[in-house]
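It should be emphasised that the depicted structure is a prediction, and the values quoted were computed from it without experimental measurement.
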Amino acid sequence: MIKSKLLHISIILIFSGIFFQTRADGSADSVVSVPKRPVKAAIETVGLNLGIWAFDRYVLEADYAYIGWNTIRRNLRHNMVWDNDEFSVNLLLHPYQGGMYYNAARANGMSIGNSALYAVGGSLVWEYFLENESPSLNDFISTPLGGIGLGEITFRLANLLVDSRSTGWERFGREFLGFVVNPVHGINRIISGDAWRIYPYNRKMIESLPLRFTMAGGYRGLYDSQDVRIDNGAYIDFDLLYGNIFSVENERPYDAFSASITLNMVSNQPLLSDFNFIGELWGKSVPLRNEKLDLHWGVFQHFDYYNSGSIEGQPYTNTYRIAEAAAFGIGGQLMYKVINKTTLTSNLFVNAVLLGSSITDHYRVDNRDYNLSSGFSTKFNLGLNYNQKAIIRTEFENYRLFTWNETSTDQNLPAEQEPQTPNLRGDEGNTGFTVINLQFFYLFRQNYFFTFGSSAYLRNSHYRYYPDVQSRILDSHVGVGYYF
């Protein structure tokens, strides 16, 4: 298992290096106008659905992929339900699938708004026609709403990777990494021949904005509330900062966003444990009299995914798991030039969580061990930067998610056709989850830095019909990194 994780991470590192360490010479980027092809986008969306279904049916031989006219008729008559798929499937893979629908339109010249409609349509087709299970309400929320954000950032990153002037291994590395980041974009480039066609200028579908990319890796240890080691092993972090939140040129949604991913090489932990994304939908810089201050506020989309693997023989209090797949709110960033070469940056966000999830200690149905919830979240970050040499950063995230139960029977169906599993959000109650992160960075050589820090994952679950449960997981990590 660890060897497989190591192979995946090695491939990512190799091709990331090919892209970031090579630069093609020539003229500046040229944004080309791509004609809108709504019919082609619709065909690709349907094709994506059929391709995913065929893989599930004939390769995985998944039970839900055995469909026919009877299952379609039943689904069309059935109300949407809360399903019981795995945490990673519902809260990560479905939004990613929605991002592919979105990119089927985006890669064919469609706007952000029109591409969002394809994410909705693709989700509806999947839920009603390509599964023999009742259409899922939580999937219909997470797939298009989470997919729009994930789709747009992968669209922009793939566009950034493209260099129509490059040749040889650099060209292969760029196209391969672009395909990994955004398979739909890559397929369209292969079909059109742009994947290998060389131009005297760099053709882009959208203007490329500055990107700050950071990789760091090292040792990570997880400990429980008694400071007993739960798990340990190697990790690698990827951090992206796209655009400039203080720029007055941020006229389009997602002209500024940040994203971070944590990958593990730990036997009892998932390959991907943390994924966070914040994208600016609309923003405005506030003019201030003090030249040392910069203030910006706006409307943001948030996507957060934290997943710690359960360890056999240990209680669920040794596991943290939470996500907000569809969250929107307001926020602001303040930057203060304290003294020469020293900058203080602060962020504050307040969000409404339309669909979130948190681990539960009681609900166990099929692959479910989590509640589906809604609520709110707040985030506060504070960072002190001295001369781009030493950085101290603190992050506080707080989630309050509420779960309630609906009836488990569908009044539109006869008793013999009612669902065999409960149609419930989970255990009635609410969960408070807090993430506290303290991290230090020190640049010891040009572009190379040393980092260490600690994180705490605190859960306080209140149940209506069960005793309350509290848990605390600590994460200590140390490593080295490189920024581009």
Side-chain angles (χ1 to χ4, degrees), residues 12-13 15-23 29 149-150 152-163 173-174 177-178 180-182 202 204 206-217 236-250 252-263 274-280 283 285 294 296 298 300-303 331 333-335 337 341-347 349 379 381-395 437 439-451 453 479-484:
I12 293 171
L13 288 174
F15 285 99
S16 296
I18 289 175
F19 164 60
F20 285 104
Q21 292 181 11
T22 55
R23 294 290 184 268
D29 294 350
L150 298 187
E152 184 63 21
I153 67 171
T154 54
F155 170 77
R156 288 176 179 254
L157 291 177
N159 177 78
L160 191 66
L161 287 162
V162 168
D163 192 332
R174 287 176 176 273
L177 191 57
V180 171
V181 169
N182 190 334
N202 194 9
K204 299 284 188 179
I206 188 172
E207 179 186 1
S208 296
L209 297 177
L211 173 71
R212 181 71 172 268
F213 177 67
T214 304
M215 294 191 301
I236 184 167
D237 279 340
F238 298 91
D239 289 283
L240 300 170
L241 188 61
Y242 180 90
N244 180 4
I245 197 170
F246 292 107
S247 174
V248 296
E249 299 176 357
N250 294 349
R252 300 160 301 187
Y254 306 102
D255 269 357
F257 66 79
S258 63
S260 63
I261 298 174
T262 299
L263 304 178
D274 299 2
F275 177 73
N276 307 92
F277 158 70
I278 302 176
E280 185 182 54
S285 293
D294 289 315
H296 185 96
F300 296 83
Q301 178 181 1
H302 293 249
F303 184 98
Q333 176 166 300
L334 178 68
M335 185 167 65
K337 301 178 182 63
K341 300 181 180 181
T342 302
T343 303
L344 181 68
T345 304
S346 176
N347 299 304
F349 301 98
K379 300 177 183 179
N381 304 328
L382 190 65
L384 185 65
N385 187 324
Y386 172 70
N387 196 29
Q388 301 296 322
K389 188 80 174 180
I391 300 173
I392 300 176
R393 186 168 65 196
T394 60
E395 300 172 339
N437 182 39
Q439 198 154 5
F440 174 78
F441 304 86
Y442 179 73
L443 188 70
F444 63 87
R445 186 179 175 185
Q446 184 177 7
N447 293 74
Y448 290 92
F449 61 89
F450 170 75
T451 178
V480 294
Y482 187 88
Y483 73 87
F484 303 88

J.: By side chain to side chain donor-acceptor pair (under 3.5 Å), which residues pair with T451, not counting sequence neighbours?
T.: Q439
J.: Determine, stepwise, if the pair T214 / F449 fulfils side-chain contact (heavy atoms from CB on, under 4.5 Å).
T.: CA-CA 10 Å; T214 304; F449 61 89; 3.3 Å; yes
J.: What are the two closest non-hydrogen atoms of H296 and G283, and how far apart are they?
T.: NE2-CA, 3.6 Å
J.: Supply the atom-to-atom distance N182 CG to N159 CG, rounded to the nearest 0.5 angstrom.
T.: 10.0 Å
J.: Could you tell me whether a side-chain N or O of K379 sits under 3.5 Å from a main-chain N or O of E395, the two making a donor and an acceptor?
T.: no
J.: Please lay out, stage by stage, how Y442 and F450 fare under the test ring-ring contact (aromatic ring centres under 6.0 Å, His included).
T.: CA-CA 5 Å; Y442 179 73; F450 170 75; 8.2 Å; no
J.: How close do F349 and G331 get, counting heavy atoms only, and between which atoms?
T.: CD2-CA, 3.7 Å
J.: Which pair of heavy atoms, one from S346 and one from L382, lies closest together, and at what distance?
T.: CB-CD1, 3.8 Å
J.: Hey, does F155 have a side-chain heavy atom less than 4.5 Å from the side chain of I206?
T.: yes
J.: Can you confirm whether D255 sits close enough to L209 that some side-chain heavy atom of one is under 4.5 Å from a side-chain heavy atom of the other?
T.: yes
J.: Kindly assign one of parallel, tilted or perpendicular to the pair F238 and F213, based on the angle between their ring planes and the thresholds 30° and 60°.
T.: parallel
J.: Who pairs with K389 by salt bridge (Lys or Arg N to Asp or Glu O under 4.0 Å), at least two apart in sequence or on another chain?
T.: none
J.: Is there side-chain contact between Q333 and T345, with at least one heavy-atom pair below 4.5 Å?
T.: yes
J.: Measuring only between side-chain heavy atoms, which start at C-beta, is Q301 closer than 4.5 Å to E152?
T.: no
J.: Which atom names give the shortest non-hydrogen contact between K204 and L160, and what distance separates them?
T.: NZ-O, 3.1 Å
J.: Which heavy-atom pair separates A158 from V181 by the least distance, and what is that distance?
T.: N-CG1, 4.3 Å
J.: Starting at CG of L384, measure out to CG of L344 and round the result to the nearest 0.5 Å.
T.: 6.0 Å
J.: Got a second to check how far L241's CG is from L211's CG, nearest 0.5 Å?
T.: 8.0 Å
J.: If you round to the nearest 0.5 Å, how far is CG of N276 from CD1 of I278?
T.: 7.5 Å
J.: Just one of F257, F275, F277 clears the ring-ring contact (aromatic ring centres under 6.0 Å, His included) bar with F303, so which one?
T.: F275
J.: Out of the candidates Y483, Y482, F484, only one should pair with Y448 under the ring-ring contact (aromatic ring centres under 6.0 Å, His included) rule; please name it.
T.: Y482
J.: Should T343 and M335 count as side-chain neighbours, where that means a heavy-atom distance under 4.5 Å?
T.: yes
J.: Please assess F300 against I245 for the test side-chain contact (heavy atoms from CB on, under 4.5 Å), listing each intermediate value before the final yes or no.
T.: CA-CA 11 Å; F300 296 83; I245 197 170; 4.0 Å; yes
J.: Locate the shortest heavy-atom distance separating R174 from L161; write the atom from each residue and the value.
T.: NH1-O, 3.0 Å
J.: Inspect the surroundings of OH in Y386 and state if more than 12 heavy atoms from other residues, nucleotides or ligands are less than 6.0 Å away.
T.: no
J.: Just do the side-chain contact (heavy atoms from CB on, under 4.5 Å) check on L240 and I261 with the steps written out, would you?
T.: CA-CA 9 Å; L240 300 170; I261 298 174; over 6 Å; no
